[in-house]
Amino acid sequence: MTTRTRFAPSPTGYMHIGNLRTALYEYLIAKAQGGDFLLRIEDTDQKRYVEGATDIIYNTLKTVGMNWDEGPDIGGNYGPYVQSERKPIYAEYAHKLVELGGAHYCFCSKNEADEEKNEEMNIKFKDPCKMLSLDEAQKRVAAGEPYVIRQTINKKGKSKYHDEVYGDIEIDYDELDEGVLLKSDGFPTYNFANVVDDHLMNITHVVRGNEYISSTPKYNLIYEDFGWEHPHYVHVPPVMKDAQHKLSKRNGDASFQDLVAKGYLPEAIINYIALLGWNPGNDEEIFSLEDLKKIFTVERLNRSPAIFDITKLTWMNGVYIRALPAEKFHELAMPYYAEMPSFVNLSALSATLQPRIETLGDIPAQIDFIKTMPEYSIELYSNKKMKTDAAVAKQNLPAICEVLASQDVWTNEALFEALKGLAEKLVVKNGQVLYPARIALSGKETTPGGATEIAVVLGKDETLRRLDAAIAKL
RNA sequence: GGUCCCAUCGUCUAAUGGUUAGGACACCACCCUUUCACGGUGGUAAUAUGGGUUCGAAUCCCGUUGGGAUCACCA
């Protein structure tokens, strides 16, 4: 039997990191076995539906390269793959479950059910409708009375099941709630739809957040009542924002698209979140999606929650940026160069930036001095280690200007040799030439690249112009 | 509150009864160096707690503490 997993998000807004990680694990479990990964949209709650949310799901999955084998857009043998389009199926099975004794009609209003509950929540809802005979209930249904279908739980003792991550789970049947399976609007709840769909779609491994651990026995009861085999369960711990709170889309944190907008690469994000709750068992930590497909195993999934650490993601993103082919990095950086003056040598700029940034979002702060020289104090020329100050600058800048003016080959190597030669001729340290030159060209204490690299980025004309201005300022 | 789950450096984690408790990020120091970064070397830093079991416990068992989840006509 081929392994089949599904990613079953509800289209209620942005795709957050925890969701994406669950999708990743689902994808990897399927693909590690050469199985199928499918996409199912769980839109049974019309109130929470957000326009455009499904597109975000499609786009996110596509940009990270997690292609699905079956789904709403591409079809498959087990469709439809949108739950709202499967409404008649759930109704059919719900009524069947009533016949089978696994559920019953309930005519209580929502409020009646709520009032039954103790404020301490330790009294279970005792549904009076459970006492109705099937005959009588069916008559009331036929008469058009509004109803829901609730699960019937008569079993006693302990329910047991095996989870691939948490091991054996035992929960007393008395703890289980006789929840609503089919709502009065005819839509199923998650509790029912997921069971029916996972069975009908031949899902072999159900991967989901560990908040479902305690309701899984209810689902198993439904599988049993229908005489179906239940799938393997892989419950995964949550991704946390801090020790107390799950990562949420509120508070500006970590949706996939936010991170991409901040200049994180999809490959780095995938790599990082794969390691949030899973490890390969050795010290390696840089993995492409293809690598992960080969080495992923559920045995190495963790049981405890993991805090999302943007600092480590940022480091990892830097690793990915540095590993990029120069042309590819240049292409990604281009949008950030939109305002650059025409004299700028953009490929030289990319070359100096690539080893120095960790996210693409770092670019603007690095290149701000290029478009316009910042206001700066001549104090900037002072550097103890380089043994320079404004006086040294004033002394050396004219000669620097002269040497550079006579340079025809405008490359980093050539300029560096020329200025090093000048330092030798003047019998000063390299830094006493290069440091003032860099300040004169940038007006900043730290810059991406040294004096000669910046000169190459600025081009000869602009370089000489800035040196003249600097001399005048001194 | 009932039930379920979880607990190793600040963070992600390794070590499935025997290790000086390992790695990575971050942090600090040094080296490299035309500033910064990259790269290199080194350092600070953890088994929540109390009992068992055992020759030996981070590892197995029980309690405590702390955290999380769940108890919706949300998923």
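These numbers come from a predicted model, not from an experiment. Chain letters run A, B, ... following the sequence lines, proteins first, then strands; residues in each count from 1.
Taking 3.5 Å as the limit, the base of B/A26 and the side chain of A/K312 contain no donor-acceptor pair of atoms between them. Judged by distance alone with a 3.5 Å cut-off, a donor-acceptor contact links the side chain of A/Y212 to the base of B/A75. The base of B/C73 lies close enough to the side chain of A/S184 for a donor and an acceptor atom to sit less than 3.5 Å apart.
Between A/R303 and B/C4 there is no side-chain polar atom (N or O) within less than 4.0 angstrom of OP1 or OP2. Considering only side-chain N and O atoms, A/K218 lies nowhere under 4.0 angstrom from the phosphate OP1 or OP2 of B/U3.
Residue whose closest nucleotide on RNA chain B sits further toward the 5' end, between A/E285 and A/R21: A/R21.
Among the atoms of the strands shown, only primed sugar atoms or phosphate atoms (P, OP1, OP2) are found under 4.0 Å from some heavy atom of A/T44. Note on A/D172: nothing from the nucleic acid sits closer than 4.0 angstrom, heavy atoms only.
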Item to complete: Sugar-phosphate atoms are those with a prime plus P, OP1 and OP2; base atoms are the rest. Using that split, label each nucleotide of nucleotides 32-38 of chain B B, S or - for protein heavy atoms under 4.0 Å, 5' to 3'.
Response: -BBBBSS

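For A/Y264 and A/Y320, the ring centers sit 6.0 Å or farther from each other.
Within residues 271-281 of chain A, the residues having any heavy atom closer than 4.0 Å to RNA chain B are, in order of number, A/L275, A/L276, A/G277, A/N279.
Applying the side-chain hydrogen bond (donor to acceptor under 3.5 Å, both in side chains) rule to A/Y212 yields no partners; only residues at least two apart in sequence or on another chain are considered.
In this structure, B/G2 and B/U70 make a Watson-Crick or G-U wobble pair, each of the two defining distances being under 3.5 angstrom.
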